[in-house]
Amino acid sequence: MKLNTNSNVYTVVYAAIVVVIVAFLLAFVSTALKSKSDANVENDTKKQILASLGQRNVADADVQATWDKYIVADLVVDTTGNIVKEGKEKDQDGFRINRKDIKPENNALPVFVASVDGQTKYVLPLIGKGLWGPIWGYIAVDADGQTVFGAYFDHESETAGLGAEIKATYFQDQFKGKKLETADGSATLTVVKNGKVDKPEIQADGISGATLTGNGVAAMLSEGISMYQPYLHKLNQQ
């Protein structure tokens with residue numbers, strides 16, 4: 001019997017077979033590439049953490065060696081400042097906490113301990129909301145738990161030339177040497193409207209034309225620092 005390629009049944013069956021084949025191929029490719037994709041995400045995260053420590057533009061091939069050189073340990077602390085977990089090996093505890101899960105209600109805050117020129121630094125991951133989508137960053141703090149050593153910020157979809165400038169080195173560099181909070185603890189590190197800095201010890205100058213993204217960074221800093229303050233205060237007492 002000759003197959004009627006013009007019939008509705010043929011069209012439906014043919015389409016269904018094509019859909020199944022395509023779905024199978026996509027699932028196969030996704031599974032095959034997952035390990036490589038996960039490795040790329042891990043590599044990129046390490047590069048961002050290293051950038052907050054002043055190690056920028058590390059080549060992909062050198063990321064792990066640079067990481068091993070500077071990162072001493074990764075910890076998990078709770079909102080009371082106690083260490084919950086301390087990885088016996090790197091990338092075992094704090095590194096495995098997904099950025100989106102860094103919330104006070106989860107009571108599991110990652111901290112990366114680094115050594116730069118023989119000096120201990122603590123890198124704190126932050127997450128927030130910009131004008132158009134998620135923003136995030138890493139603040140590296142000196143051993144006193146209060147002085148900023150370096151910073152790195154990134155975004156998902158902020159406006160090019162405006163809010164996207166939070167990723168620019170000139171914006172991030174101005175955080176160096178600032179304090180996480182005032183001496184009396186009444187105010188924390190923040191970003192103010194461009195040209196309105198009057199407390200340079202805790203204020204960074206915002207980006208002209210990107211006030212809403214700057215407000216997002218300010219909120220991210222305020223919320224993030226407040227979560228980590230109990231742990232940082234204990235460092236300051238050591």
Side-chain angles (χ1 to χ4, degrees), residues 41-42 44-55 67-129 134-154 175-191 201-202 216-238:
V41 170
E42 179 177 309
D44 188 55
T45 300
K46 289 180 177 179
K47 289 175 74 171
Q48 294 182 28
I49 293 171
L50 290 169
S52 73
L53 293 165
Q55 306 305 310
W67 179 266
D68 291 338
K69 178 180 178 180
Y70 289 100
I71 303 300
V72 176
D74 55 316
L75 317 176
V76 178
V77 303
D78 60 26
T79 51
T80 65
N82 294 317
I83 296 176
V84 179
K85 294 181 180 179
E86 184 168 359
K88 294 181 180 179
E89 298 178 3
K90 294 176 184 178
D91 311 343
Q92 292 300 306
D93 290 317
F95 196 85
R96 293 189 176 184
I97 296 177
N98 194 299
R99 187 167 55 225
K100 67 181 180 181
D101 294 326
I102 302 175
K103 303 173 183 177
E105 58 265 31
N106 290 340
N107 209 30
L109 310 174
V111 177
F112 299 93
V113 185
S115 178
V116 180
D117 297 328
Q119 301 295 313
T120 300
K121 312 295 178 185
Y122 299 90
V123 182
L124 315 175
L126 308 170
I127 186 168
K129 296 179 181 179
I135 57 175
W136 61 91
Y138 298 91
I139 291 286
V141 185
D142 286 341
D144 64 1
Q146 287 300 310
T147 306
V148 178
F149 176 73
Y152 179 86
F153 302 109
D154 208 340
F175 288 86
K176 294 178 181 178
K178 295 188 183 299
K179 299 295 183 181
L180 292 187
E181 62 181 356
T182 53
D184 61 2
S186 61
T188 57
L189 180 66
T190 190
V191 175
E201 72 277 11
I202 61 163
V217 176
M220 176 174 70
L221 289 168
S222 176
E223 294 168 5
I225 292 171
S226 67
M227 289 192 295
Y228 283 101
Q229 271 178 336
Y231 175 70
L232 297 171
H233 288 166
K234 288 185 177 181
L235 293 177
N236 202 22
Q237 294 167 2
Q238 293 178 0

>> How about NZ on K179, more than 12 heavy atoms from neighbouring residues, nucleotides or ligands closer than 6.0 Å, or not?
In response: yes

message = Please check if the number of heavy atoms outside N98 that lie under 6.0 Å from its CG is greater than 12.
response = yes

Checking side-chain polar atoms at under 3.5 Å, does Q146 have a donor or acceptor matched by the opposite partner on D142? no

(request) Using distance alone, with no hydrogens and no angle criterion, decide if K121 and S115 have a side-chain donor and acceptor under 3.5 Å apart. (result) no

Quick check: closest heavy atoms across [X] and [Y], and the distance to 0.1 Å?
{"X": "Y122", "Y": "V111", "result": "CD2-CG1, 4.1 Å"}
{"X": "A114", "Y": "L53", "result": "CB-CD1, 3.6 Å"}
{"X": "I139", "Y": "L189", "result": "CD1-CD2, 4.5 Å"}
{"X": "G81", "Y": "K234", "result": "O-CD, 3.6 Å"}
{"X": "L109", "Y": "K103", "result": "CD2-O, 4.3 Å"}
{"X": "Y138", "Y": "S52", "result": "O-CB, 3.6 Å"}

Taking atom [atom1] of [X] and atom [atom2] of [Y], what is their separation to the nearest 0.5 Å?
{"X": "N107", "Y": "D78", "atom1": "CG", "atom2": "CG", "result": "5.0 Å"}
{"X": "F153", "Y": "L221", "atom1": "CZ", "atom2": "CG", "result": "5.0 Å"}
{"X": "D44", "Y": "Q48", "atom1": "CG", "atom2": "CD", "result": "4.5 Å"}
{"X": "Q55", "Y": "I49", "atom1": "CD", "atom2": "CD1", "result": "13.5 Å"}

